[in-house]
Amino acid sequence: MKKVLFLTGAGISAESGIRTFRDGNGLWHEHNIMEVCSDIGFMTNRTKVLNFYDDRRADLADKIPNAAHQMIADLQREFPKSIVNITQNVDDLFEKAGCKKTIHLHGELTKIQCESCGYIKSIGYDAIGDHSICPFCKKEEMRHFVVMFGEQAPEYETLAQMLEETKLLVVIGTSGEVLPVDDFAGEVPYAILNNLEPSDAIEEECFSLVIHKKATEACHEIAQTVRSFLQTEQTKVEQ
Ligand code: APR
């Protein structure tokens, strides 16, 4: 069964009103990454970091998925065994769109984790202060379930495994500053890139198709390409 892997970044959620990191009004133009998104920053000022993630979690409450999230959810329903959805995003818009089994490489804002026993708890859009005691070990060491710079991202191993069986990679809305998406494109037979504009961190020649459009405009062309890609596979199997 052919595998199509969607690998997304902040750009896919931009039109839902969630800020990206490195675009014009991106989060990293307003906040110092090392202070609010690094292991050292967390050790230096725990409260500042927990407040930063409280604000981003609360911001999610009224955000709704856009046509690009919906496109992936629809394709997953049509081709349940072929579509793999992996994201760098920590928002819950894929879940709100009805996606099943989204792999969050950098964690999830709606969850918190106990630093002592590892217990993970879903808290929706609440502030972490309302859930500071671990329900399991009773220690007061709950933190945001988000991978910060300087920390391990265990799901990167899953991404590497999934890429081995991927026939079509679809990259949407990432600058490639953290994940070498052009290297990944070089590892698979076909790869599509959809961003607003070229990124210094991405060699676009590695991709079979590059679309410089908003994700909500590109998603119709992407869906069509994925459907015909998978349907050729299905007809081959049926012959
Ligand atoms: N449609 C499509 N692409 C878009 C849109 C849009 N409406 N808006 C922005 N983009 C693209 C930009 O062209 C850019 O390439 O999304 C990308 C956003 O890049 P970043 O802000 O760097 O976000 P991302 O690549 O997801 O960052 C990766 O960095 O700070 C860490 O952990 C954080 O997961 C994040 C990682």
Side-chain angles (χ1 to χ4, degrees), residues 6-42 49 52-53 55-57 59-60 63-72 85-94 97 102-111 143-156 158-159 169-185 191-204 206-207 209-223:
F6 280 89
L7 177 56
T8 53
I12 199 169
S13 297
E15 290 163 86
S16 295
I18 297 179
R19 293 170 73 177
T20 62
F21 296 97
R22 298 173 182 84
D23 287 326
N25 68 338
L27 268 177
W28 298 151
H29 296 302
E30 188 182 316
H31 299 273
N32 178 324
I33 293 186
M34 292 314 288
E35 284 179 8
V36 295
C37 186
S38 78
D39 52 351
I40 294 162
F42 191 41
V49 174
F52 174 71
Y53 286 100
D55 292 347
R56 287 183 64 195
R57 188 177 307 111
D59 180 62
L60 282 187
K63 300 299 183 289
I64 54 173
N66 61 54
H69 300 103
Q70 206 53 59
M71 174 254 305
I72 298 174
N85 189 33
I86 299 184
T87 187
Q88 299 172 88
N89 298 343
V90 293
D91 65 53
D92 60 345
L93 294 184
F94 282 116
T102 298
I103 295 169
H104 289 267
L105 298 172
H106 297 156
E108 297 176 72
L109 270 175
T110 56
K111 293 176 181 172
R143 60 159 276 179
H144 46 296
F145 186 56
V146 174
V147 179
M148 299 187 289
F149 288 96
E151 296 183 321
Q152 289 296 315
E155 293 291 5
Y156 280 11
T158 312
L159 171 60
L169 171 68
V170 184
V171 175
I172 303 175
T174 181
S175 62
E177 291 288 346
V178 172
L179 286 184
V181 292
D182 42 12
D183 292 350
F184 299 158
I192 298 173
L193 173 68
N194 166 219
N195 265 338
L196 271 190
E197 75 275 321
S199 163
D200 296 343
I202 300 177
E203 282 292 327
E204 294 193 336
C206 302
F207 290 85
L209 172 64
V210 176
I211 308 171
H212 290 149
K213 276 184 191 167
K214 289 182 176 179
T216 57
E217 289 159 11
C219 64
H220 312 291
E221 180 183 351
I222 291 171

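Note that the numbering runs from 1 along the sequence shown for the chain. Whatever order the structure lists ligands and atoms in, that order sets their numbers, starting from 1.
Every residue two or more places apart in sequence or in another chain that forms a side chain to side chain contact (heavy atoms under 4.5 Å, CB included) with E217 is listed here: K213, K214. With sequence neighbours left out, the side chain to side chain contact (heavy atoms under 4.5 Å, CB included) criterion links T174 to Q88, V171, V181. For F6, there are no ring pair (Phe, Tyr, Trp, His ring centres under 6.0 Å) partners at least two apart in sequence or on another chain.
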Apply ring-ring contact (aromatic ring centres under 6.0 Å, His included) to residues Y156 and H106 and explain how you reach the verdict. CA-CA 9 Å; Y156 280 11; H106 297 156; 5.7 Å; yes

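Protein residues with any heavy atom under 4.0 Å from ligand 1: G9, A10, G11, A14, E15, T20, F21, R22, D23, W28, Q88, H106, F149, G173, T174, S175, V178, N195, L196, E197, K213, K214, A215.
Two residues are said to be in side-chain contact when any heavy atoms from C-beta on lie closer than 4.5 Å; Y53 and V90 fail this criterion.
Looking only at atom types and distance, the side chain of S13 has a donor-acceptor partner in the side chain of D91 under 3.5 Å away.
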